[in-house]
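Notes follow once the structure below has been shown.
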Amino acid sequence: MRALCTAVLGICLSMAGPLRSENLAQGEVYTFGIVPQQSASRLAKMWGPLLKELSAQTGATFLFRTTKDIPTFEACLSSGAYDVAYMNPMHYAIFSKQSDYRAIARQADKRLKGLIVARSGSGIEEIGNLDSQTIAFPSPGAFGASILTRSALSSHGVSFEPSYVKSHDSVYRAVAAGLMQAGGGVSRTLGSVDPEVRAQLSIIYETESFTPHAIAVLGEVGTEFATSVQEALIAVAQTNPDVAKGIGMRGFEMAQDTDWDDVRALGMTHEETGISRQGDVQCPSD
């Protein structure tokens with residue numbers, strides 16, 4: 001458990017609310033890490049209302065955390081830097097074992113697909129048109145936007161040069177601007193990108209679907225904490241659906257570890273995923 005109120009970007013979500021759970025002591029402080037699919041400022045705006053509501057529901061304080069890019073976030077997951085984290089499916093498959101994260105919730109009524117997008121009117125209309133092209137991806141370990149799409153390209157015999165541009169938004173902007181012939185993404189981030197960028201993009205390929213991102217807690221914070229956060233997440237989405245809509249979701253449902261067995265069944269090693277191992281990185285800390 002974290003005890004100081006210092007957050008990335010100087011953001012501290014410390015809104016006190018009525019204590020509705022006996023499992024969380026009022027005034028306790030927890031870090032909530034968000035995978036940086038989009039810019040830090042955009043993520044703070046999207047997730048801030050949800051963390052505010054979680055604070056109000058539990059009486060604890062949840063601090064927004066993210067990192068400059070997905071590989072850094074992966075290294076921070078590896079070191080157990082967050083009490084709670086929103087991570088992609090392959091992150092969970094790996095770090096549930098490596099760093100003892102335990103899933104408590106996931107997006108309701110959702111399966112995750114990877115998308116390949118091209119600039120509208122570019123003449124690129126199918127995956128085969130991308131042979132020998134440079135294609136943008138957020139990072140090697142982005143599950144839907146990179147791992148699934150790279151696998152699809154390879155299975156179709158498409159030779160390509162990957163260019164890793166740090167975030168989903170950066171992929172979409174690069175393709176819309178004509179800097180890249182195509183790029184990998186997912187429907188949630190494509191739907192939330194600036195409308196003028198989205199209008200310039202066409203989906204040319206969709207992958208098979210998998211269990212979506214996990215919201216997971218670090219094992220050391222305890223079962224009572226996990227249950228309290230799980231109940232609060234589901235309650236917030238039910239009583240204030242606009243908060244869930246703000247992060248591109250219709251709600252949350254309870255999750256368990258076996259929900260991600262479909263991802264584990266891919267049989268990919270840590271090295272094959274491209275997910276970063278802990279290295280010389282600066283993780284958000286107290």
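We count residues from 1, following the sequence as given. In what follows, every heavy atom counts, from backbone to side chain, and hydrogens, waters and symmetry copies are set aside.
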Crowding at CD, E208 (>12 non-hydrogen neighbours, <6.0 Å):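 Incorrect, the count does not exceed 12.
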Whether over 12 other heavy atoms sit under 6.0 Å from R250 CZ: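 No - once you tally the heavy atoms of other residues, nucleotides and ligands closer than 6.0 Å, there are 12 at most.
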Stepwise side chain to side chain donor-acceptor pair (under 3.5 Å) test for S187 and K110: CA-CA 11 Å; S187 59; K110 174 69 177 180; 2.9 Å; yes
With F143, the side chain to side chain contact (heavy atoms under 4.5 Å, CB included) member among V35, V263, I275: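 That would be V263.
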Lys/Arg-Asp/Glu bridge criterion (N-O < 4.0 Å) met for D83, R65: no
Sidechain N-carboxylate O distance under 4.0 Å for R106, D259: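 Yes, this pair counts.
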Mutual orientation of the aromatic rings belonging to F73 and H91 [parallel < 30°, tilted 30-60°, perpendicular > 60°]: tilted
Parallel, tilted or perpendicular: ring planes of F32 versus F62, cut at 30 and 60 degrees: perpendicular
Worked check of side chain to side chain donor-acceptor pair (under 3.5 Å) between Q107 and R188: CA-CA 11 Å; Q107 184 176 354; R188 188 182 67 80; 5.1 Å; no
Side-chain H-bond candidate by donor/acceptor type, S170 with S167, under 3.5 Å: yes
Steps toward side chain to side chain donor-acceptor pair (under 3.5 Å) verdict (E126, H156): CA-CA 11 Å; E126 59 183 33; H156 281 77; over 6 Å; no
Y172-L153 co-clustered via ILVMFWY side chain contacts under 4.5 Å: no
Point-to-point distance, once rounded to the nearest 0.5 Å, from CG of L50 to CG of D242: 12.5 Å
Stepwise side-chain contact (heavy atoms from CB on, under 4.5 Å) check, Q57 with L233: CA-CA 9 Å; Q57 285 279 340; L233 279 167; over 6 Å; no
C76 to T67 - nearest heavy-atom pair and separation: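 Shortest heavy-atom contact: SG-CG2, 4.0 Å.
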Working for side chain to side chain donor-acceptor pair (under 3.5 Å), residues E28 and T61: CA-CA 6 Å; E28 291 282 6; T61 296; over 6 Å; no
